[in-house]
Amino acid sequence: MVKITLPDGSVKEFQGPVTALEVAESIGSRLAKAAVGAKVDGALSDLSTRIEHDAAVAIVTEKTRDGEADPDALYLCRHSAAHVMAEAIQRIVPGAQLVYGPPLENGFYYDIAFPEDRPLREGDFEAIEAEMTAIVKEDRAFTRYEMPAGEGMAKLESEGSKYKLDNAQRAIDAGSDELSWYATGEPGTDWEDLCRGPHVPSTGRIGAIKVMSLASSYWHGDENSDRLTRVYGTAFFNKKDLDAHLHALEEAKKRDHRVLGKQLDLFHIDDEVGQGLILWTPRGSIIRKELQDWIGGELRKMGYTDVFCPHIGKLGLYKTSGHFPYYQDSQFVPVMERQFIEQVSEEGCSCGDLSNMMRAGDIDGYLLKPMNCPHHIKIYASRPRSYRDLPIRLSEFGTVYRWEQSGELNGLTRVRCFTVDDAHLFCREDQVADEVMGCLSLVKIALDTLGLTDFRVRVGLRDPDSSKYVGDPAVWDRAEQACRDAAASLGGKVTEEPGEAAFYGPKIDFVVKDVIGREWQLGTVQVDYNLPERFGLEYVGSDNKTHRPVMIHRAPFGSMERFVGVLIEHFAGAFPLWLAPEQVRVLPVSEKSNDYAQALCDKLVARGVRATVDLHNDRVQAKIKHAAGMKIPYSAIVGPRDEEAGEVNVRAFGIKDALGSMPVDDFVDAIADEIACKGSERLTERFETAGV
RNA sequence: GCCGCUGUAGCUCAGUGGUAGAGCGCACCCUUGGUAAGGGUGAGGUCGCGGGUUCAAAUCCCGCCAGCGGCUCCA
């Protein structure tokens with residue numbers, strides 16, 4: 001007797017072992033037809049899985065009860081689609097060796113080792129999709145069979161795929177005593193793959209399938225290991241959902257900060273200047289400067305003091321800090337003194353020798369600073385400090401340079417020169433908790449004001465297996481605990497990630513996603529017991545003895561470049577009034593109103609508003625379209641009627657109809673007010689409340 | 001750095017070996033028009049860069065540079 005508990009709590013009894021499909025059939029034939037898998041005691045399973053003992057069973061169908069696509073069903077669909085794609089690819093490219101093909105949030109991929117003389121190209125996609133469609137049409141059942149570990153390994157051995165052997169070995173090492181295969185059809189005759197499952201019942205259940213892109217990857221993610229080709233695809237139960245997904249991708253592209261950066265003239269990257277080096281155009285500079293001025297004002301209120309430092313420092317500084325030579329690969333090559341180069345050259349030093357000296361750190365010169373902390377530390381250390389002076393909070397919009405790999409560079413979000421809204425706090429150990437909390441609240445204020453509420457907090461801990469970290473493990477433990485406690489006190493989504501720490505200490509990061517789902521680290525707070533040690537920092541305590549201060553690194557935005565990039569996408573380019581590069585555009589209805597329009601614009605500018613007049617010889621319809629294209633928050637339309645009444649007709653971006661008319665002075669006041677309060681009171685609301 | 005794709009006017013893109021194209025933008029002219037594109041004329045291009053094949057290359061081949069998607073990396 002097997003007792004099956006269904007999601008609604010009801011219990012069904014069966015004489016003996018039963019499959020999930022039979023359970024579904026016992027409930028209703030329509031459910032059985034719609035079923036693509038099952039959850040047995042919470043574990044996603046094949047519909048054909050035999051349930052031997054009492055269990056809680058939920059039948060997985062394409063859609064949940066409220067009509068939404070079921071994520072478990074999509075998982076099955078995509079995992080199965082990966083098999084179909086692999087079979088199609090192996091038909092087209094004989095000798096392609098399968099490695100690993102998991103489902104993803106929006107699709108799936110399969111890592112495949114292609115023969116050297118037959119790489120996969122995008123031109124193959126059409127043929128692959130045609131094969132896949134054919135396989136789907138054949139509606140072959142996914143058939144699972146199992147073998148004991150030893151027998152299974154022997155089978156793989158004879159087939160000769162080192163990748164599948166490796167997968168199997170890993171499964172065995174993880175405790176499996178048997179291996180499972182899925183044949184797409186009949187075991188022994190049809191295509192099959194070593195796979196843990198589960199799958200949809202048959203290929204026909206995969207409704208719509210598309211090969212998306214190619215990338216290279218490394219076996220086990222190890223760059224010294226085999227290079228594989230990763231083929232990305234996606235699948236849905238029907239074409240409509242696939243089309244909706246593709247459409248959403250197109251829409252996301254439109255709010256990509258690189259696209260909007262061009263369209264709205266916010267920044268420029270120029271080959272002749274260099275990759276990953278951002279040129280801020282006047283419009284983009286306004287956004288950055290507004291953010292800097294705003295956060296700078298908050299810092300002054302919180303007891304920070306500004307400092308300024310050069311962009312370079314002697315190598316010795318970075319040897320002390322630990323940045324050089326350990327992180328050479330991500331630094332620009334040092335700027336060496338002419339005299340030094342000439343001297344080693346005279347001594348017969350070759351380029352290779354010089355390179356080796358550099359690697360060993362056995363050279364002199366200057367480094368473009370990869371971080372601001374060493375300079376700030378030297379300001380702290382420039383005079384004796386008393387415990388009464390602490391905490392000392394030194395802030396600077398400090399520009400740093402990092403040699404990112406060329407394939408990593410990405411618009412504003414990954415660059416080689418960026419400005420950190422940086423500060424370093426030097427405090428007593430007993431002040432650390434308060435200071436960390438102060439930093440976190442600042443990050444919260446910043447993100448809340450901008451409406452960036454969809455972030456996760458990541459506590460970056462050290463990777464116990466890595467040797468890249470400096471400092472005493474006991475000190476690390478203390479700092480990690482301080483970060484955990486502080487992050488927990490925020491009350492939001494917190495994840496702990498070993499290996500994400502800075503080399504000098506653990507950190508708390510605020511991580512957001514961009515329009516295509518990639519995560520970027522923005523604000524960060526890092527507790528550091530190590531650099532004060534390395535630089536021998538001190539203060540005199542109330543006991544008249546010297547003590548070591550603790551340092552906190554923090555940047556609420558992270559990098560101005562990345563932050564603005566994320567903000568562009570967050571607002572889809574339609575910035576709130578206080579940040580908008582062009583806040584008001586005055587649109588005269590015809591040339592007859594140009595003077596009146598100009599006078600209005602002058603009034604706005606005199607109040608500090610970023611306003612312009614559109615004096616083009618266009619009809620007002622076209623001027624409205626152009627203003628909308630630049631996502632200007634407010635348009636002020638003026639014609640003879642307005643001039644006579646001393647009024648202005650107001651339009652707001654994103655609102656189809658005009659808001660209405662108001663006296664010129666009221667409009668100027670309203671705009672100035674909305675800017676001053678950073679949008680917490682909006683001009684549009686006045687019209688709504690007035691019922692216009 | 002690795003694999004694939006892409007690179008043509010300021011922008012978005014068409015152009016498969018035979019005289020360099022369109023729309024938008026820009027300039028000028030007509031129009032003086034009241035809420036998401038009035039009409040006309042014109043300027044603007046070493047077709048990413050360098051080699052090669054060819055009578056002839058934007059187009060085919062090789063190398064490089066840059067961008068995009070991933071991988072790896074990310075103090």
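Numbered from 1 within each chain, the chains take letters A, B, ... in sequence-line order.
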*Asks:* For Tyr318(A) and His323(A), take the angle between the two ring planes, folded into 0 to 90°, and tell me which bin it lands in: parallel under 30, tilted 30 to 60, perpendicular over 60.
*Replies:*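 The arrangement is perpendicular - the two ring planes meet at more than 60°.
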*Asks:* Check the pair Asp509(A), Arg456(A) against salt bridge (Lys or Arg N to Asp or Glu O under 4.0 Å), reporting the backbone distance first and the verdict last.
*Replies:* CA-CA 8 Å; Asp509(A) 295 326; Arg456(A) 80 186 163 92; over 6 Å; no
*Asks:* Ignoring hydrogens and angles, does a donor from either the side chain of Ser213(A) or the base of G4(B) sit under 3.5 Å from an acceptor on the other?
*Replies:*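 It does not, because no donor-acceptor pair links the side chain of Ser213(A) to the base of G4(B) below 3.5 Å.
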*Asks:* Is the NZ or CZ atom of Arg227(A) both under 6.0 Å from the centre of the six-membered ring of Trp219(A) and within 45° of that ring's axis?
*Replies:*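 Cation-pi check for Arg227(A) and Trp219(A): fails.
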*Asks:* What is the distance from CZ of Arg414(A) to C1' of G1(B), rounded to the nearest Å?
*Replies:*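 It works out to 13 Å between those atoms.
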*Asks:* In whole angstrom, what separates Arg118(A)'s CZ from G4(B)'s P?
*Replies:*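 So the CZ-P distance, Arg118(A) to G4(B), works out to 12 Å.
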*Asks:* For nucleotides G51(B) and G39(B), find the distance between their C1' atoms and express it as a whole number of Å.
*Replies:*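 Pairwise C1' distance, G51(B) against G39(B), rounds to 49 Å.
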*Asks:* Within less than 4.0 Å of OP1 or OP2 of U12(B), is there a side-chain N or O belonging to Lys262(A)?
*Replies:*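 The answer is yes; a side-chain N or O of Lys262(A) sits under 4.0 Å from OP1 or OP2.
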*Asks:* Mind listing the N/O atom pairs, protein and nucleotides 62-68 of chain B, below 3.5 Å?
*Replies:*
{"from": "A66(B)", "atom 1": "OP1", "to": "Gln275(A)", "atom 2": "OE1", "distance (Å)": "2.8"}
{"from": "A66(B)", "atom 1": "O2'", "to": "Asp271(A)", "atom 2": "OD1", "distance (Å)": "3.1"}
{"from": "G67(B)", "atom 1": "OP2", "to": "Gln275(A)", "atom 2": "NE2", "distance (Å)": "2.6"}
{"from": "C68(B)", "atom 1": "OP1", "to": "Arg258(A)", "atom 2": "NH1", "distance (Å)": "3.4"}
{"from": "C68(B)", "atom 1": "O3'", "to": "Arg258(A)", "atom 2": "NH1", "distance (Å)": "3.3"}

*Asks:* Less than 6.0 Å separating the ring centroids of Tyr401(A) and His311(A)?
*Replies:*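 Yes.
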*Asks:* Answer with yes or no whether Ser217(A) presents, from its side chain, a donor or acceptor under 3.5 Å of a partner atom in the base of C71(B).
*Replies:*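 A donor-acceptor contact between them is absent.
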*Asks:* Give the B/S/- string for nucleotides 40-47 of chain B, one per nucleotide from 5' to 3', where a protein heavy atom under 4.0 Å of the base yields B, of only the sugar-phosphate yields S, and otherwise -.
*Replies:* --------
*Asks:* Please give the distance between the C1' atoms of G50(B) and C55(B) as a whole number of Å.
*Replies:*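 After rounding to an integer number of Å, I get 23 Å for this pair.
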*Asks:* Closer than 4.0 angstrom, basic N to acidic O: yes or no for Asp618(A) and Lys623(A)?
*Replies:*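 Here Asp618(A) does not pair with Lys623(A) in a salt bridge, since their nearest N and O are not under 4.0 Å apart.
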*Asks:* Do Asp166(A) and Arg170(A) meet the salt-bridge criterion of a basic N to acidic O distance under 4.0 Å?
*Replies:*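 Looking at Arg170(A) and Asp166(A), the cut-off is met.
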*Asks:* Of the listed nucleotides (G70(B), G4(B), C73(B)), which one gets closest to any side-chain atom of Glu122(A)?
*Replies:*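 Closest nucleotide among those given: G4(B).
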*Asks:* Cation-pi check for Tyr109(A) against Arg230(A): NZ or CZ below 6.0 Å from the six-membered ring centre and within 45 degrees of the axis, yes or no?
*Replies:*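 Pair Arg230(A)/Tyr109(A) counts as cation-pi.
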*Asks:* When the P atoms of U54(B) and U16(B) are compared, how many Å lie between them, rounded to an integer?
*Replies:*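 Here U16(B) and U54(B) have their P atoms 24 Å from each other.
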*Asks:* Rounded to whole angstroms, how far apart are CG on Leu104(A) and C1' on G69(B)?
*Replies:*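 Spelled out: CG on Leu104(A) to C1' on G69(B) is 14 Å.
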*Asks:* Can you tell me how far the CZ atom of Arg554(A) sits from the SG atom of Cys439(A), to the nearest 0.5 Å?
*Replies:*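 Answer for the CZ-SG pair, Arg554(A) versus Cys439(A), is 6.0 Å.
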*Asks:* With rounding to whole Å, what would you report as the distance between C28(B) and G34(B) at their C1' atoms?
*Replies:*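 The answer is 26 Å between these two C1' atoms.
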*Asks:* Looking across every strand, which nucleic acid part, if any, lies under 4.0 Å from Glu272(A) by heavy atom: base, sugar-phosphate, or nothing?
*Replies:*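 If one applies the 4.0 Å heavy-atom cut-off, Glu272(A) turns out to touch nothing in the nucleic acid.
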*Asks:* Give a yes or no on whether the ring-centroid distance for His553(A) and Tyr504(A) is below 6.0 angstrom.
*Replies:*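 Centroid separation for His553(A) and Tyr504(A): below 6.0 Å.
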*Asks:* For Glu480(A), is there an ion pair with Arg462(A) - N to carboxylate O distance below 4.0 angstrom?
*Replies:*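 So Arg462(A) pairs with Glu480(A) through a salt bridge.
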*Asks:* Rounded to whole Å, how long is the line connecting atom CD1 of Ile89(A) with atom P of G4(B)?
*Replies:*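 For the pair Ile89(A) CD1 and G4(B) P, the rounded distance is 15 Å.
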*Asks:* Would you mind reading off the distance between Asn224(A) atom CG and G1(B) atom C1', rounded to a whole angstrom?
*Replies:*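 Whole-Å distance recorded here is 12 Å.
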*Asks:* May I ask you to say whether Asp124(A) pairs ionically with Arg118(A), meaning some side-chain N is under 4.0 Å from a carboxylate O?
*Replies:*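 Between Arg118(A) and Asp124(A) there is a salt bridge, with a charged N closer than 4.0 Å to a carboxylate O.
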*Asks:* Under 4.0 Å, counting only non-hydrogen atoms across every strand here, what does Tyr232(A) touch: a base, just sugar-phosphate, or nothing?
*Replies:*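 Sugar-phosphate: the residue Tyr232(A), judged by heavy atoms under 4.0 Å, touches backbone atoms but no base.
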*Asks:* Please confirm whether the ring centroid of Phe267(A) lies under 6.0 Å from the ring centroid of Trp280(A).
*Replies:*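 Not under 6.0 Å, so no.
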*Asks:* Where do N or O atoms of nucleotides 32-38 of chain B meet protein N or O atoms at under 3.5 Å, pair by pair?
*Replies:*
{"from": "U32(B)", "atom 1": "O2'", "to": "Lys592(A)", "atom 2": "NZ", "distance (Å)": "3.0"}
{"from": "U32(B)", "atom 1": "O2", "to": "Ser590(A)", "atom 2": "OG", "distance (Å)": "3.4"}
{"from": "U32(B)", "atom 1": "O2", "to": "Glu591(A)", "atom 2": "N", "distance (Å)": "3.0"}
{"from": "U32(B)", "atom 1": "O4", "to": "Glu591(A)", "atom 2": "OE1", "distance (Å)": "3.1"}
{"from": "U32(B)", "atom 1": "O4", "to": "Glu591(A)", "atom 2": "OE2", "distance (Å)": "2.9"}
{"from": "G33(B)", "atom 1": "O2'", "to": "Arg619(A)", "atom 2": "NE", "distance (Å)": "2.9"}
{"from": "G33(B)", "atom 1": "O2'", "to": "Arg619(A)", "atom 2": "NH2", "distance (Å)": "2.7"}
{"from": "G33(B)", "atom 1": "N7", "to": "Val589(A)", "atom 2": "O", "distance (Å)": "2.7"}
{"from": "G33(B)", "atom 1": "O6", "to": "Glu591(A)", "atom 2": "N", "distance (Å)": "2.9"}
{"from": "G34(B)", "atom 1": "O6", "to": "Pro640(A)", "atom 2": "N", "distance (Å)": "3.0"}
{"from": "G34(B)", "atom 1": "O6", "to": "Arg641(A)", "atom 2": "N", "distance (Å)": "2.7"}
{"from": "G34(B)", "atom 1": "N1", "to": "Asp642(A)", "atom 2": "OD2", "distance (Å)": "2.6"}
{"from": "G34(B)", "atom 1": "N2", "to": "Asp642(A)", "atom 2": "OD2", "distance (Å)": "3.0"}
{"from": "U35(B)", "atom 1": "O2'", "to": "Arg651(A)", "atom 2": "NH1", "distance (Å)": "3.1"}
{"from": "U35(B)", "atom 1": "O2", "to": "Arg651(A)", "atom 2": "NH1", "distance (Å)": "2.8"}
{"from": "U35(B)", "atom 1": "N3", "to": "Asn649(A)", "atom 2": "OD1", "distance (Å)": "2.9"}
{"from": "U35(B)", "atom 1": "O4", "to": "Asn649(A)", "atom 2": "OD1", "distance (Å)": "2.6"}
{"from": "U35(B)", "atom 1": "O4", "to": "Asn649(A)", "atom 2": "ND2", "distance (Å)": "3.3"}
{"from": "A36(B)", "atom 1": "N7", "to": "Arg651(A)", "atom 2": "NH2", "distance (Å)": "3.3"}

*Asks:* Calculate the interatomic distance between Asp270(A) atom CG and G7(B) atom C1'; express it in whole Å.
*Replies:*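 Rounded to whole Å, this separation is 15 Å.
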*Asks:* Check this for me: does the side-chain of Arg121(A) come within 3.5 Å of the base of C3(B) through a donor and an acceptor?
*Replies:*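 Under the 3.5 Å cut-off, the side chain and the base do not form any donor-acceptor pair.
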*Asks:* With no angle test and no hydrogens, is the base of G1(B) tied to the side chain of Tyr218(A) by a donor-acceptor pair under 3.5 Å?
*Replies:*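 For Tyr218(A), whose side chain was compared with the base of G1(B), there is a donor-acceptor pair (under 3.5 Å).
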